[in-house]
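Take a look at the structure set out below.
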Amino acid sequence: MNNIPKYDPAAVETKWQRHWNENHSFAAEKSHDKPKFYPLIEFPYPSGAGLHVGHPRSNTAMDIIARKRRMEGYNVLFPIGYDAFGLPTERYAIKNHIHPSIVTKQNIAHFHAQLQRLGFSFDYDREISTTDPKYYKWTQWIFLKLFEHGLAYKMEMPINWCPTCKVGLANEEVINGKCEKCGGEVVRRVKSQWMLKITEYAQKLIDGLDDVDFIERVKVQQRNWIGRSEGAEVDFHLSSGDALTVYTTRPDTLFGATYMVISPEHPLIESRKELIKNYDEVVAYREAAARKSDFERTEMNKDKTGVAIDGITATNPVTGTQIPVWVSDYVLMGYGTGAIMAVPAHDERDWEFAKKFDLPIIEVVAGGNVNEAAYTDIQDGVLVNSEFLNGMKVAEAKRAIIDYLVSKGIGHRKINFKLRDWVFSRQRYWGEPIPLVKCPCCGWVALPYDQLPLELPEVESYEPTDNGESPLAAMTDWVNTTCPKCGGPAQRETDTMPQWAGSSWYFLRYIDPFNDSELASMEEMKYWLPVDWYNGGMEHTTLHLLYSRFWHRFLYDIGVVPTPEPYQKRTSHGMILGGDGEKMSKSRGNVINPDDIVDKLGADAFRLYEMFMGAFDQAIPWSTEGAQGCRRFLDRVWRMMEFMTDEEGISEDMKYDVHACIKKVGEDYERMKYNTAIASMMSLVNGFYAKGSVTRGEMRVLMQLLNPVAPHITEEINELCHLNDCELIRNAWPAYDESALVKATVEIALQVNGKVRGRMDVPADLTREGASEYFLALDEVQKLIAGKPVKKLIFVPGRLVNIVV
RNA sequence: GCUGAAAUGGCGGAAUCGGCAGACGCAGCGGACUUAAAAUCCGCUAUUCGAAAGAAUGUACGGGUUCAAGUCCCGUUUUCAGCACCA
């Protein structure tokens, strides 16, 4: 072809982006005739810093799938929105005296422009923001439904308080005793908080995992976080006359229970203080434990401490032995019953404690050496010193002892979860107001649904307060209202919802974003749900991903949504690190700004590099030279126009390579092996260069394969060369021809005693049966074995032949 | 501490089922083009020995199974991630 213009990414990309925008090229079709496909990326938080190089990794990956599905004939909904409530915006607003809603608007505009510049095929017509009252009307609506069903409750409780952010945090937001957002030390603070009963859904959230296609580590992490365990509750009779109930997963070891431990906060200490001779000592221990921060508690978890209660003993219900009761902070009030039976022979913590305080250790499961270490194996151990359990395996003994406890009325089967309820209120301005009022006569009363949305009022100051009150509390005009039930004076809740509220259901709103009478129409949801493929960060596994599954399952239970699970498939991308292999951060000075790369190399090269740099699910250091190499590849693709011939078909000598590439690229995109898909296209292009020519037919296929990754340049080449009479995005995905993948001869390796001695071409249809005769007749084979007797000949068709002499 | 994943050239990585280790890219070296440089195109590029043909070694380390091991088994080291007294 003559008159090839120079490749100018900026011009080409602007042109096609405008074209797509004007034509709404990626708007999901209203009709439900076609099969649907709903891919989703986690909607970004529109920070002032703009897009990070991490965003395009996930976005491009799903964009490739979305674009491929459109070519395959699906009706695709690939939406975008903004998770815009949150602390950084509020902080910026406070510092610069701008209303957070204005900051949010500016940041969203910036993000929108950056996303468009990267050519993502989002349906921008459905763009949403969680801060839009038309949106958060429905976030509040869902909260009221939870409240109505008894799943939201307010409770005075010690919470995780971040003194830097001046806000309470959910358990999921505390990482190693530090605040997830600012890294500051988290302290305990007693506050009255709204809680959501996610624990009621613990079992459903575990069971639901069986029916979805999530990558294994996500399932494992969610299961561990929910932490289901099966065991029994057993009552121990105390000398005080009380029954002390413990939870244990090892009821089979009951005969080995040589002492008991209650947590320092256990109510028994107060209710029986008159019997406790060393009450002062116990209280001093409790206070010392309370002063320990979470950090100290975990740091010191190897060194056990405790105090024996003087004055109360317990009776082991099966042996009748009197055993002591201790207080120790290795037993937590928040799990089980806050009390345990200690079996030092078969529990590591109890073993350590018993060694330190010289308490008896009785072996009841044979198989280890309990003087050396606790024996915790539950597979092979056999019960001993346990009367009627003797000789049984652990699993059998568990069943037998529970039956016994039930028959005596002193115990029963019990399932426990580590999952805690979700702390749902935040003492902040920039969040969804909680639509409840407190009435002195009626208690907490829900706002009627027709009064939603309850909009955020304008306030003078968004500053959080040190006393733990939301800035809204100072707005007396807004706070003082009337009770919707009795009409008397009442006050609004002034805490707001956490950032996780708006993101717990946003994928539903995309389906029907302008609906003012429902959160989304059932008919539309029946067509679009569930989300077919959701890619996002591992850091959200026990936060957003779990929370949104909980909300969705609740909405399903009350008949609002048609599917029990929101997401069919979940994958996760690896982080992009700085060039030094460290996490990108301003302080390290290794941050790469996507805009700079797009300016220098173009969006297509940037997208291509983000997909080519390495395995999609692994952390990869950034390399600007590597990105440059991807730009070089696109330059080479562009220059292929110089030697393109007018032939429409695929030339005979390239047939195998072209069809193998179609197969490879299609399969690799689906498996998120973008790096090898791109490598195979690079090899194909190298082949055309080696040959010095490419046909129009070959060019057409290459453009179709490359289009999902590099949509602008391929569209431009398609137009310049009139490869198709329509845009590539309206093209069908190419199919490969099985017969073209069959070769007449294949190159195999020739091994002698397992060592490669050469390569040779053999007929592709050579079978194992004919192999021996075929190979031993060859001169080169005879030369290599040099007359030695052949012991064995192994032939793997298409791979190698190995002659053992 | 427990659990899980991983370790491959100078670098990022590839090798789908136990079957030719190092695809593809980066960096480097050489050549062509050019007054020159850049760009581009072509070639080389795991290590050691060798002029070459070739040979030996080689996928964190030590063993093992197999005709054949990056891949499977046992042990060790290191790195990363998750959980962190959940009875």
Side-chain angles (χ1 to χ4, degrees), chain A residues 175-177 216-217 220-221 224-225 227-229 231 246-251 253 261 263 294 297-304 328-332 334-343 346-350 352-353 376 416-420 538-539 541-542 574-575 579 581 608-609 612-615 617-630 632-633 635-636 639 664 667-668 671 673 675-686 689-690 692 747-759 791-805:
Chain A
I175 314 289
N176 292 330
E216 203 49 35
R217 44 191 187 130
V220 167
Q221 239 182 79
N224 289 346
W225 187 260
R228 183 184 197 273
S229 72
V246 301
Y247 172 71
T248 177
T249 54
R250 293 294 303 276
T253 61
V261 187
S263 99
D294 277 1
R297 273 179 90 127
T298 51
E299 272 303 281
M300 311 223 273
N301 75 22
K302 276 158 234 154
D303 194 22
K304 298 271 180 293
S328 173
D329 65 0
Y330 85 89
V331 174
L332 309 172
Y335 184 79
T337 62
I340 61 155
M341 65 176 209
V343 184
H346 306 292
D347 180 279
E348 283 168 26
R349 295 149 301 175
D350 297 345
E352 257 174 62
F353 193 85
T376 56
N416 262 335
F417 297 95
K418 288 191 207 171
L419 189 68
R420 298 278 77 102
M538 281 308 288
E539 70 276 16
T541 303
T542 54
M575 216 193 317
L608 189 72
Y609 176 60
F612 181 65
M613 62 197 302
D617 58 353
Q618 271 158 42
I620 301 286
W622 177 269
S623 154
T624 300
E625 292 76 29
Q628 182 79 52
C630 286
R632 257 198 295 270
F633 169 66
D635 286 332
R636 272 163 81 80
R639 278 196 310 271
K664 175 88 178 148
E667 287 172 358
D668 281 358
R671 294 184 306 146
K673 296 221 143 199
N675 53 339
T676 49
I678 293 164
S680 83
M681 288 187 277
M682 287 173 167
S683 294
L684 188 64
V685 168
N686 289 345
Y689 268 83
E747 194 192 52
I748 64 160
L750 175 55
Q751 295 184 342
V752 176
N753 290 342
K755 295 210 175 205
V756 179
R757 293 296 157 183
R759 266 141 229 195
K791 269 199 223 154
K792 205 169 175 184
L793 186 140
I794 294 126
F795 174 59
V796 184
R799 298 277 184 190
L800 53 72
V801 60
N802 186 15
I803 300 158
V804 187
V805 296

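Order of the sequence lines fixes the chain letters, A, B, ..., with proteins taken first and strands second; residue numbering starts at 1 for each chain. Atom set for the values below is all heavy atoms of this structure, side chains included, hydrogens, waters and symmetry mates excluded.
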Among B:A87, B:C24, B:A84, which nucleotide sits nearest the side chain of A:W225?
B:A84
Answer with base, sugar-phosphate or nothing: what part of the nucleic acid does A:G227 contact at a heavy-atom distance below 4.0 Å?
nothing
Per atom distances to the A:N686 side chain, the nearest of B:A14, B:C24, B:U16 is B:C24
A:N224 CG to B:G4 P, in whole Å, measures 10 Å
Side chain of A:Y689 (C-beta onward), nearest among B:C85, B:A87, B:C42:
B:C42
Taking only side-chain nitrogens and oxygens of A:N675, does any of them come within less than 4.0 Å of OP1 or OP2 of B:A14?
yes
Identify the pairs formed between an N or O of the protein and an N or O of nucleotides 6-9 of chain B at a distance under 3.5 Å, and give each distance.
none

Cation-pi check, A:K304 to A:Y330: give yes when NZ or CZ is under 6.0 Å from the six-membered ring centre and within 45° of the ring axis, no otherwise.
yes
Atom CE of A:M538 to atom P of B:A81: distance rounded to whole Å?
12 Å
Give a yes/no answer on whether the side chain of A:R217 brings an N or O atom under 4.0 Å of OP1 or OP2 in B:C83.
no
If I take atom CE in residue A:M682 and atom P in nucleotide B:G12, what distance separates them, rounded to the nearest angstrom?
17 Å
Among B:C67, B:A14, B:A87, find the nucleotide with the atom closest to the side chain of A:K792.
B:C67
When rounded to the nearest 0.5 angstrom, what distance separates CE in A:M681 from CG in A:L684?
9.5 Å
Sorted by chain and number, sequence neighbours left out, ring-ring contact (aromatic ring centres under 6.0 Å, His included) with A:F417 holds for none
Has A:R632 got a side-chain N or O lying under 4.0 Å from the OP1 or OP2 atom of B:A27?
yes
Ignoring backbone atoms, establish whether A:R799 has a side-chain N or O less than 4.0 Å from OP1 or OP2 of B:C17.
no
Heavy atoms from C-beta onward define the side chain here; which of B:G12, B:A14, B:C24 lies closest to that of A:I620?
B:G12
Of the options B:C24, B:C20, B:C85, whose atoms approach the side-chain atoms of A:Y330 most closely?
B:C85
Winner on side-chain proximity to A:R639, out of B:C26, B:A21, B:U40, is B:U40
Output for pair (A:S680 OG, A:N675 CG), nearest 0.5 Å, gives 10.5 Å
Would you mind reporting whether A:N686 and A:R636 have side-chain heavy atoms less than 4.5 Å apart?
yes
Let me know the distance between NZ of A:K418 and C1' of B:A87, rounded to the nearest Å.
11 Å
C1'-based separation of B:U48 from B:C80 [nearest Å]:
34 Å
Which part of the nucleic acid, if any, lies within reach of A:N802 when heavy atoms closer than 4.0 Å are counted: base, sugar-phosphate only, or nothing?
base
In whole Å, measure the gap between the C1' atoms of B:C20 and B:A68 for me.
12 Å
To the nearest 0.5 Å, tell me how far A:N224 CG sits from A:R217 CZ.
14.0 Å
Identify whether any heavy atom of A:F417 sits under 4.0 Å from a base atom; if not, whether one sits that close to sugar-phosphate; answer base, sugar-phosphate or nothing.
nothing
Quick check on B:A69: is either OP1 or OP2 less than 4.0 Å from any side-chain nitrogen or oxygen of A:K755?
no
Between B:A21 atom P and A:Q751 atom CD, what is the distance in whole Å?
7 Å
Proximal nucleotide (of B:A15, B:A87, B:U16) relative to the A:I340 side chain:
B:A87
In terms of base orientation, is B:C17 syn or anti, with the syn window spanning 90° either side of 0?
syn
Distance between the P atoms of B:C33 and B:A69, in whole angstroms?
48 Å
Using heavy atoms to find the nearest nucleotide of RNA chain B for A:N416 and A:I678 separately, return the residue whose nucleotide is more 5′.
A:I678
What nucleic acid atoms does A:R757 come within less than 4.0 Å of, heavy atoms only: base, sugar-phosphate, or nothing?
sugar-phosphate
Rounded to whole Å, please give me the gap between CZ in A:R636 and P in B:C24.
11 Å
Pair pattern of RNA chain B in dot-bracket, where unpaired bases get dots and | marks partners in another strand, Watson-Crick or G-U under 3.5 angstrom:
(((((((..(((......[....))).(((((.......))))).((((....))))..(((((..]....))))))))))))....
Any chance CZ of A:R799 has more than 12 other-residue heavy atoms, nucleotides or ligands included, within less than 6.0 Å?
no
When rounded to whole Å, the NZ to P distance for the pair A:K673 and B:G13 reads 13 Å
Could you tell me whether the phosphate oxygens of B:A87, OP1 or OP2, come under 4.0 Å of any side-chain nitrogen or oxygen in A:S229?
yes
Hey, does A:S623 reach any base, or is it just sugar-phosphate, or nothing, if we go heavy atoms under 4.0 Å?
nothing
Walk me through it: do A:V685 and A:M682 pass the test side-chain contact (heavy atoms from CB on, under 4.5 Å)?
CA-CA 5 Å; A:V685 168; A:M682 287 173 167; 5.8 Å; no
Between A:M681 (CE) and B:A14 (P), how many Å, whole number?
16 Å
Taking only the C1' atom of each, what is the distance from B:U76 to B:A14 in whole angstrom?
28 Å
Could you tell me how far B:U71 sits from B:G25 if I compare only their C1' atoms? Round to whole Å.
24 Å
Just do the side-chain contact (heavy atoms from CB on, under 4.5 Å) check on A:F633 and A:Y609 with the steps written out, would you?
CA-CA 10 Å; A:F633 169 66; A:Y609 176 60; over 6 Å; no
What distance, rounded to whole Å, do you find between the two C1' atoms, one in B:U45 and one in B:G10?
11 Å
Out of B:G25, B:A87, B:A68, minimum distance to the side chain of A:F612 belongs to B:G25
Measuring only the P atom in each nucleotide, how far is B:G70 from B:U65? A whole number of Å is fine.
16 Å
Say whether, by atom type as modelled, one donor and one acceptor occur between the side chain of A:R250 and the main chain of A:D347 under 3.5 angstrom.
no
Would you indicate whether the side-chain heavy atoms of A:I803 and A:L750 approach each other to under 4.5 Å?
yes
Have a look at A:K791 and say if it touches a base, only the backbone sugar-phosphate, or nothing, with a 4.0 Å heavy-atom cut-off.
nothing
Would B:G22 be called syn or anti, given that syn covers angles within 90° of 0?
anti
On RNA chain B, does the nearest nucleotide to A:D635 precede the nearest nucleotide to A:C630 from the 5' side, or the other way round? Give the residue.
A:C630
Rounded to the nearest 0.5 Å, how far apart are CE of A:M613 and CD of A:Q618?
12.0 Å
Would you measure the distance from the P atom in B:A27 across to the matching atom in B:A38 and give it in whole Å?
13 Å
Assess whether side-chain contact (heavy atoms from CB on, under 4.5 Å) is satisfied between A:D350 and A:M341, documenting all intermediate values.
CA-CA 9 Å; A:D350 297 345; A:M341 65 176 209; over 6 Å; no
Sugar-phosphate only, base, or nothing, as touched by A:A615 at under 4.0 Å among non-hydrogen atoms:
sugar-phosphate
Counting side-chain heavy atoms from CB outward, which of B:C24, B:A87, B:G13 is closest to A:V331?
B:A87
